[in-house]
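The structure appears right after this line, and notes come after that.
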Amino acid sequence: MGYFTDLVIVGLSLGMVYGLVALGISFIYSGLDIVHFAHGEIYMIGAFLGVTALRLTGLDYPLLLLISMVLTALIGAAIERLFYRRLTRQGGGISFAGMGIIIAGFGISMVLQNVAFLVWTARAVPFPVNFGLPIEIGELMLPRAYLWIVAVTLALMAALHGFLKYTRLGLAVRAVAFNKDIAYLLGINVPLMMSVLFGIGCAMAAAAGVLIGPINYVEVSMGIGILIKAFAAAVVGGFGNLPGAVLGGLLVGVVESLGAGYLSGNYKDIYAFALLIAVLMVRPSGLLGVTVKVKA
């Protein structure tokens, strides 16, 4: 029973990371109708920014997390303004721009990878954060890094929910996500809100990168695997559904951990897709999926 509990805890912790990245993907899609295929590289850039901030400033971990999120949000807003805005200015996202957005996403992914290679090289970099001794729960020794992942992820999800529901800026973002034309008529600065929305989605990916950094090394290619898992999580939960993205991330993490523990760790990347196929066979729209409305 102890071994099973260990696997579930590890799976939930990793699932929180998958859920954060999937949350950013779903947030961008639900608001802008853009499927952001460069989100894995945003996750990687966020992790590298956290490591760099640690080396330059030596700040505490929460401040490193905040700095990485803010800087990555600005990078994301610039990407939306310079690239995606030109493709979607005629109205709507992928429904209108179609293949252009997909190709642009892969192009941005390659550009970010090469920029990261030039700045940080291909060498894997440690994220030396000391969280202290593990916490002993019965016979279970739980590393504090996993507690940070769970606590920060829950706090960010609660903060995003509060921002969207209880602030004027969040209400403006929701209005733009619902219908851009009506938002214009209400006097909302739609272009600014689009950049804010995209930046928030990218900040979630950056947070995931900083959270996973102390557990794994930070490297240029780290975004590829997380993108696949995050898309699987988003589809399992219901693409474009924010609570569904989190639920999908947790399920993918647990299934992956249990499969690696009881079957084989060599095929751990397959288990997420086995779950994806199983869910889609039963519910093609995902567990919490809803009919996606055409964006204005």
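R55 places no side-chain N or O within 3.5 Å of a backbone atom of V51 that could act as its donor or acceptor partner. With R283 contributing its side chain and G238 its backbone, the two residues share no donor-acceptor pair below 3.5 Å. A distance-only check finds a donor-acceptor pair linking the side chain of S13 to the backbone of I9 [under 3.5 Å].
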Please step through side chain to side chain contact (heavy atoms under 4.5 Å, CB included) for the pair V282 and L287, ending with a clear verdict.
CA-CA 9 Å; V282 179; L287 295 176; over 6 Å; no
Derivation of the side chain to side chain contact (heavy atoms under 4.5 Å, CB included) call for I228 and F273:
CA-CA 9 Å; I228 296 173; F273 294 100; 2.7 Å; yes
May I have the step-by-step check of side chain to side chain contact (heavy atoms under 4.5 Å, CB included) for Y271 and L275, ending in yes or no?
CA-CA 6 Å; Y271 305 135; L275 173 65; over 6 Å; no
Does M16 form a side chain to side chain contact (heavy atoms under 4.5 Å, CB included) with L250? I'd like the steps, not just the answer.
CA-CA 6 Å; M16 288 284 189; L250 294 176; 4.1 Å; yes
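Of the residues listed (I188, T167, L197, L192), the one engaging V173 in a side-chain contact (heavy atoms from CB on, under 4.5 Å) is L197, and it is the only one. Screening L276, V252, V279 for a side-chain contact (heavy atoms from CB on, under 4.5 Å) involving V235 leaves a single residue, L276.
When all heavy atoms of F231 and H36 are compared, the pair lying nearest together is CZ-O, 4.1 Å. Residues G105 and A38 come closest through the heavy atom pair O-CB, 3.5 Å. A205 and H39 make their closest contact through CB-NE2, 3.4 Å (heavy atoms, listed as atom of the first residue, atom of the second, distance). Closest approach of V21 to A208, counting heavy atoms only: CG2-CB, 3.6 Å. Residues A230 and A22 share a closest heavy-atom pair of O-CB, 3.4 Å. Nearest heavy-atom pair, A47 versus F127, reported as atom, atom and distance to 0.1 Å: O-CE1, 3.9 Å.
Applying the ring pair (Phe, Tyr, Trp, His ring centres under 6.0 Å) rule to W120 yields the partners F48; only residues at least two apart in sequence or on another chain are considered. For F106, the ring pair (Phe, Tyr, Trp, His ring centres under 6.0 Å) partners at least two apart in sequence or on another chain are F37. Contacts of R174 classified as side chain to side chain donor-acceptor pair (under 3.5 Å), with partners at least two apart in sequence or in another chain: none. In this structure Y262 satisfies the ring pair (Phe, Tyr, Trp, His ring centres under 6.0 Å) test together with Y3, sequence neighbours excluded. Taking the side chain to side chain contact (heavy atoms under 4.5 Å, CB included) definition, one finds that P126 meets it with Y217, sequence neighbours left out.
Two residues are said to be in side-chain contact when any heavy atoms from C-beta on lie closer than 4.5 Å; I215 and I149 meet this criterion. Proximity of C202 to F27: side-chain heavy atoms (C-beta onward) are nowhere separated by under 4.5 Å. In this structure the side chain of S30 reaches within 4.5 angstrom of the side chain of L242, judged on heavy atoms. Considering only heavy atoms from C-beta on, L14 comes within 4.5 Å of V10 through its side chain. Inter-residue side-chain proximity for Y18 and V236 is flagged as unmet; no heavy-atom pair is nearer than 4.5 Å. Residues M193 and K180 form no side-chain contact, since every pair of their non-hydrogen atoms from C-beta on lies 4.5 Å or further apart. Counting only heavy atoms from C-beta outward, the side chains of Y84 and L32 never approach each other to under 4.5 Å. Using a 4.5 Å heavy-atom cutoff, the side chains of I212 and I226 are not in contact.
Here the straight-line distance linking atom CD1 of I101 with atom CG of D33 works out to 7.0 Å at 0.5 Å rounding. For the atom pair T153 OG1 and L20 CG, the distance stands at 4.0 Å (nearest 0.5 Å). In this structure, CD1 in I200 is found 11.0 Å from OG in S195, a value given to the nearest 0.5 Å. With rounding to the nearest 0.5 angstrom, the CZ atom of F163 is 10.0 Å from the CG atom of L171. Expressed to the nearest 0.5 Å, how far CG of L112 lies from CE of M110 amounts to 10.5 Å. The distance from atom CD of E80 to atom CZ of R86, rounded to the nearest 0.5 Å, is 11.5 Å.
Evaluation of the salt bridge (Lys or Arg N to Asp or Glu O under 4.0 Å) test over residues 192-204, restricted to residues two or more places apart or in two chains, returns none. Judged as a salt bridge (Lys or Arg N to Asp or Glu O under 4.0 Å), the pairs with a partner in residues 228-257 (not counting sequence neighbours) are, in order, K229-E256, K229-D269. For residues 195-220, the set of pairs meeting the salt bridge (Lys or Arg N to Asp or Glu O under 4.0 Å) definition, not counting sequence neighbours, is empty. Among pairs with a residue in residues 40-52, none fulfils salt bridge (Lys or Arg N to Asp or Glu O under 4.0 Å), at least two apart in sequence or across chains.
Through side-chain heavy atoms spaced under 4.5 Å, either directly or across other Ile, Leu, Val, Met, Phe, Trp or Tyr residues, M281 is tied to I277. When hydrophobic side chains of Ile, Leu, Val, Met, Phe, Trp and Tyr are connected at separations under 4.5 Å, L185 ends up as a singleton with no cluster partners.
Both F131 and L147 are members of a single hydrophobic cluster when ILVMFWY side chains are connected at heavy-atom separations under 4.5 Å. The hydrophobic cluster containing I42 does not contain L118, counting ILVMFWY residues as joined when their side-chain heavy atoms lie under 4.5 angstrom apart, directly or transitively. Tracing side-chain contacts under 4.5 Å through hydrophobic residues (I, L, V, M, F, W, Y), one reaches L154 starting from L160; they form part of the same cluster. In the hydrophobic clustering of ILVMFWY residues, with side-chain heavy atoms under 4.5 Å counting as a link, I102 and I25 come out together. In terms of hydrophobic clustering, with Ile, Leu, Val, Met, Phe, Trp and Tyr side chains grouped at heavy-atom distances under 4.5 Å, V35 and L280 are assigned to a common cluster.
Within 6.0 Å of CZ in F117 there are 12 or fewer heavy atoms belonging to other residues, nucleotides or ligands.
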Mind listing the side-chain donor-acceptor pairs of residues 58-77 below 3.5 Å, one per line with the distance, residues two or more places apart or on another chain?
residue, atom, partner, partner atom, Å
Y61, OH, V210, O, 2.7
S68, OG, G46, O, 2.6
T72, OG1, S68, O, 2.6

